[in-house]
Amino acid sequence: MDAKIAFIQKHYGNDIEFIMASSQERKADVVQILKETNRCDTSEILFVDDMDCNISNMSDLGYSLVSVNDLKNIRVSENRLLMEYMDD
């Protein structure tokens with residue numbers, strides 16, 4: 001099992017889906033399909049990417065987003081960063 005998927009399932013259960021799209025042009029399409037299929041609001045989807053152009057495009061569409069480069073700064077508790085959980 002992919003380490004990212006295992007991390008999400010371990011810490012969040014099956015309530016969060018991890019989806020990847022290899023084509024940069026198709027990411028917005030994939031996210032839109034997931035939004036419609038799951039009947040959720042754009043604010044309920046967290047888009048994580050390493051390319052500023054993708055982050056900007058998704059931000060313009062109203063999605064919550066995080067740059068991969070910023071993951072190292074996200075705190076999940078007062079004493080622990082999100083990235084520290086990746087080794088668990």
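Keep in mind that the numbers below use all heavy atoms, side chains included, and drop hydrogens, waters and symmetry copies. Position 1 is the first residue of the sequence; numbering continues from there.
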Residue pair C40 / L34: nearest heavy atoms and the distance that separates them: SG-O, 4.5 Å

Taking atom CG of D60 as the centre, does the number of heavy atoms from other residues, nucleotides or ligands within less than 6.0 Å exceed 12? yes

Looking only at heavy atoms, which two atoms of I55 and D49 are closest? And how far apart? CD1-O, 3.4 Å

Once you round to the nearest 0.5 Å, how far does CD1 of I45 lie from CE of M58? 7.5 Å

Ignoring hydrogens and angles, tell me if any N or O in the side chain of D70 forms a donor-acceptor pair with the backbone of V66 under 3.5 Å. no

If you look at every heavy atom in F47 and V31, which pair is closest and at what distance? CD1-CG2, 3.9 Å

Minimum-distance pair of heavy atoms, taken over all atoms of S64 and S43: OG-O, 3.3 Å

Closest non-hydrogen atom pair, L61 against A28: CD1-CB, 4.5 Å

Backbone N or O of D52 within a donor-acceptor pair of the S56 side chain at under 3.5 Å? no

